[in-house]
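Sharing a structure with you now.
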Amino acid sequence: MSLTRVAQILKAGQPGTTVDVRGWVRTKRESKQDFAFLEINDGSCMKNVQIVVDAKIPDYASLIKQISTGASVAVVGEIKESLGKGQRVEVHAQSLKVLGTADPLTYPLQKKGHSFEFLREKAHLRPRTNTFGAIARIRNALCSAIHNFFQARGFLYVQTPIITTSDCEGAGQVFQVTTLDLAKLQQSKGPLDYSHDFFGKKAGLTVSGQLEGEIFATAVGDVYTFGPTFRAENSNTTRHLAEFWMVEPEMPFYELEDNMDLAESFVRTIVKDVLNRCSEDLEFFNERIEPTLLASLQNIVEHDFIRLTYTDAVKILETSGHKFEYPVAWGHDLQSEHERFLTEQHFKQPVILTDYPRAIKSFYMRCNEDGKTVRAMDVLVPRIGEIIGGSQREERHDVLIDRMKECGLVPEDYWWYLELRQYGTVPHSGFGLGLERTVQLVTGMTNIRDCIPFPRTPKSADF
RNA sequence: UCCCCGAUAGCUCAAUCGGUAGAGCGAGCGGCUGUUAACCGCUAGGUCCUAGGUUCGAGCCCUAGUCGGGGAGCCA
């Protein structure tokens, strides 16, 4: 007999059929005389299946004694309509096997709820909880929706390198990759010589696949990357990780408006897909974590995003009458409180801001005719803030060189990036979406460290 | 990196003015029960984060550190 998963039994299990179900015991309720109830979860869904174990099965007393919260069991039994309230069907065990016990004196997970801080220290066991099981399923559904979105539109999934020697991407601090003996180096006083290092030059972990994505976008058409990204910034916030996953589409012949259209359609589609596929899990988060969650996700799916320029946003903030801790001024980057005001109070909608001052944005963003702004776009959502950052890329060879110099970069370091503009250049655009921030958006979880299975942050990389 | 807060039982927390270490939950045992965060009774369980210091006496005050949380910056 093949295994039946709990989700299947609860959804479609027909009374009278015999099933083999295996999983981990969440609770045991024991009647000393006649029988015991076990609630088993196998991660296939939020709910547990109730197992009724009659005292007449062989070895009953010793089996039940071995079972406690966390134990793994295999049950063969018949599906029956439940006499009790709370579940449509249950499984009456014909045989019960304890696969692994979980000593209640030491097993960290209790029947009661635990704080997320505590569970972060038990990253090897937290997927066995309701919340983290649900996050795992939702994250999976999101990834699947992301691939579906792009595949349905003919995008090619390209793999950009994780180790890179273009030390100059400008997107933040890089984790260095080396095989040099650091202990030995510490003692020698000579200058560093990377020619003896593994790659013969300074190498690091990628902070973005964008530049390499542009290579393929200007060759095979629409592409996207989806992989791990690393930032060695000493960031200690609820929305930053040292290792996170990023989706980066890059499209030739797209101007900024096309880029915005795609980004908006992308976010709304994947949110809609997850709403459809994970409704039970999302209801849990709506009930237990963030009471406005479902309404805010519906709002995203049903309404167009607000689009306005950075300049107009600054005007709105200046005339809002709202007291900000940090003053608003054209030319300065918007503070978190400004972004939050726009999405949470003023528009109560996701907002796409465009045309930021060139002085505060990256070298690769296309310069506007006004000489003051670039064709950048940030998608801001309530609760999270920036979930997407993107731009139309500067495709004019001479303008790009000037811009690099303006940003204090050495054009020769980007020789291959510049050659894309020298040979058959085309207008093109792209953006990056943070996967974990999207998980935050969709689940209502407030700390990004709970939105990735094994979070890496300053001073923390266990498991 | 900066600002604020915290660390006490397995978990979540309390401990008045510096004076004998507490509760709820969990766990064990017993009782009861088609139960479902079950319920009732009893029991066990402590290097008060670490290292110094002040004091007759420190969980509490001081200094340094470690780790955690929230906010800011950097950004996705």
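Letters go in sequence order (proteins before strands), and every chain restarts at 1. The structure displayed is predicted, hence computed values, not measured ones.
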Problem set entry | Basic-acidic side-chain contact under 4.0 Å: Arg307(A), Asp261(A) | yes
Problem set entry | Whole-Å C1' distance, A9(B) and A27(B) | 12 Å
For this session: Kindly say whether, by distance alone, the side chain of Glu39(A) makes a donor-acceptor pair under 3.5 Å with the base of U35(B)?
Result: no
For this session: Determine: side-chain N/O of Gln50(A) to OP1/OP2 of U35(B), distance under 4.0 Å, yes or no.
Result: no
Exercise. Pick the nucleotide of RNA chain B nearest each of Asp333(A) and Pro458(A); which residue has the one closer to the 5' end?
Worked result: Pro458(A)
Exercise. Between Arg375(A) and Glu257(A), is there a side-chain N and carboxylate O pair less than 4.0 Å apart?
Worked result: yes
Exercise. Taking NZ from Lys111(A) and P from C39(B), how many angstroms apart are they, rounded to a whole number?
Worked result: 9 Å
For this session: Assign Phe244(A) to base, sugar-phosphate, or nothing according to its heavy-atom contacts below 4.0 angstrom with the strands shown.
Result: base
Exercise. What's the closest nucleotide to the Ile448(A) side chain, out of C11(B), A76(B), A72(B)?
Worked result: A76(B)
For this session: May I ask you to evaluate whether Ser115(A) reaches the phosphate of U12(B), defined as a side-chain N or O under 4.0 Å from OP1 or OP2?
Result: yes
For this session: Would you classify Ser68(A) as touching base, sugar-phosphate or nothing, given that sugar-phosphate means primed atoms plus P, OP1 and OP2, and contacts are heavy atoms under 4.0 Å?
Result: nothing
Seminar exercise, completed: Against the side chain of Ser336(A), the closest entry in C67(B), G73(B), G69(B) is G73(B)
Problem set entry | Inter-nucleotide C1' distance (G26(B), G34(B)), Å rounded | 25 Å
For this session: Please tell me which of the listed nucleotides, U12(B), A72(B), U35(B), lies nearest to the side chain of Gln87(A)?
Result: U35(B)
For this session: Find the distance Leu334(A):CG to A72(B):P and express it as a whole number of Å.
Result: 14 Å
Exercise. Using atom C1' of each nucleotide, how far apart are C5(B) and C13(B) to the nearest Å?
Worked result: 16 Å
For this session: Take atom P in C60(B) and the same atom in G19(B), then report the distance between them in whole Å.
Result: 11 Å
Problem set entry | Base of G34(B) and ring of Phe37(A) stacked, centres under 5.5 Å, planes under 30° | no
Problem set entry | Residue that, paired with Phe341(A), satisfies ring-ring contact (aromatic ring centres under 6.0 Å, His included) out of Phe324(A), Tyr326(A), Phe347(A) | Phe324(A)
Exercise. Do the side chain of Gln110(A) and the base of G10(B) come within less than 3.5 angstrom through a donor-acceptor pair of N or O atoms?
Worked result: yes
For this session: For Leu105(A), report the nucleic acid contact type (base, sugar-phosphate, nothing); a contact means any heavy atom under 4.0 Å.
Result: sugar-phosphate
Exercise. Looking only at atom P, what distance separates A51(B) and U66(B), rounded to whole Å?
Worked result: 15 Å
Exercise. G70(B) phosphate, OP1 or OP2: any side-chain N/O from Asn447(A) under 4.0 angstrom?
Worked result: yes
Exercise. Taking NZ, NE, NH1 and NH2 as the nitrogens, is one of them in Lys372(A) or Asp355(A) under 4.0 Å from a carboxylate oxygen of the other?
Worked result: no
For this session: Kindly say if Arg231(A) contacts the phosphate of C75(B), meaning a side-chain N or O under 4.0 Å from OP1 or OP2.
Result: no
For this session: Give Thr229(A) one of three labels, base, sugar-phosphate or nothing, depending on what nucleic acid heavy atoms sit under 4.0 Å from its own.
Result: nothing
Exercise. If the C1' atom of G46(B) is compared with that of U8(B), how far apart are they to the nearest Å?
Worked result: 8 Å
For this session: May I ask you to verify if any side-chain N or O of Lys28(A) is less than 4.0 angstrom from the OP1 or OP2 atom of U35(B)?
Result: no
Exercise. Quick one: which of Arg29(A), His92(A), Glu39(A) gives a side chain to side chain donor-acceptor pair (under 3.5 Å) with Gln50(A)?
Worked result: Arg29(A)
Exercise. Of Arg22(A), Arg5(A), Arg128(A), which meets salt bridge (charged side-chain N to carboxylate O under 4.0 Å, His left out) against Asp42(A)?
Worked result: Arg5(A)
Problem set entry | Residue Tyr326(A), side-chain heavy atoms: nucleotide from A72(B), G34(B), C11(B) that is nearest | A72(B)
Exercise. If we take the C1' atom in both C48(B) and C75(B), what is their distance in whole Å?
Worked result: 40 Å
Seminar exercise, completed: Against the side chain of Glu90(A), the closest entry in G34(B), C11(B), A76(B) is G34(B)
Exercise. Base, sugar-phosphate, or nothing for Gly432(A), non-hydrogen atoms under 4.0 angstrom?
Worked result: sugar-phosphate
Exercise. Taking atom types as they are modelled, is there a donor-acceptor pair under 3.5 Å from the base of U1(B) to the side chain of Glu233(A)?
Worked result: no
Exercise. Under 4.0 Å between a side-chain N/O of Arg437(A) and OP1 or OP2 of C75(B), yes or no?
Worked result: no
Exercise. So which nucleotide from G73(B), A76(B), G69(B) ends up closest to the side chain of Met246(A)?
Worked result: A76(B)
For this session: Identify which nucleotide among G70(B), C29(B), G68(B) has an atom closest to any side-chain atom of Lys65(A), counting heavy atoms from C-beta outward.
Result: C29(B)
Exercise. OP1 or OP2 of A76(B) less than 4.0 angstrom from a side-chain nitrogen or oxygen of Ser208(A), does that happen here?
Worked result: no
Problem set entry | Pair Glu337(A) + Arg340(A): basic N to acidic O under 4.0 Å | no
Seminar exercise, completed: Closest to the side chain of Pro104(A), out of A27(B), C75(B), G73(B), is A27(B)
For this session: Would you indicate what Arg26(A) reaches in the nucleic acid, counting non-hydrogen atoms under 4.0 angstrom: base, sugar-phosphate, or nothing?
Result: nothing
Exercise. Are Glu233(A) and Arg231(A) close enough for a salt bridge, meaning some N to O gap below 4.0 Å?
Worked result: no
Exercise. Considering only side-chain heavy atoms of Thr237(A), which listed nucleotide, G73(B), C11(B), G34(B), is closest?
Worked result: G73(B)
Problem set entry | Contact under 4.0 Å: Arg340(A) side-chain N or O vs G71(B) OP1/OP2 | no
Exercise. Looking only at side-chain N and O atoms, does Arg29(A) come under 4.0 Å of OP1 or OP2 in A37(B)?
Worked result: no
Exercise. Of the candidate nucleotides A38(B), A76(B), G34(B), which contains the atom at the shortest distance from the side chain of Thr27(A)?
Worked result: A38(B)
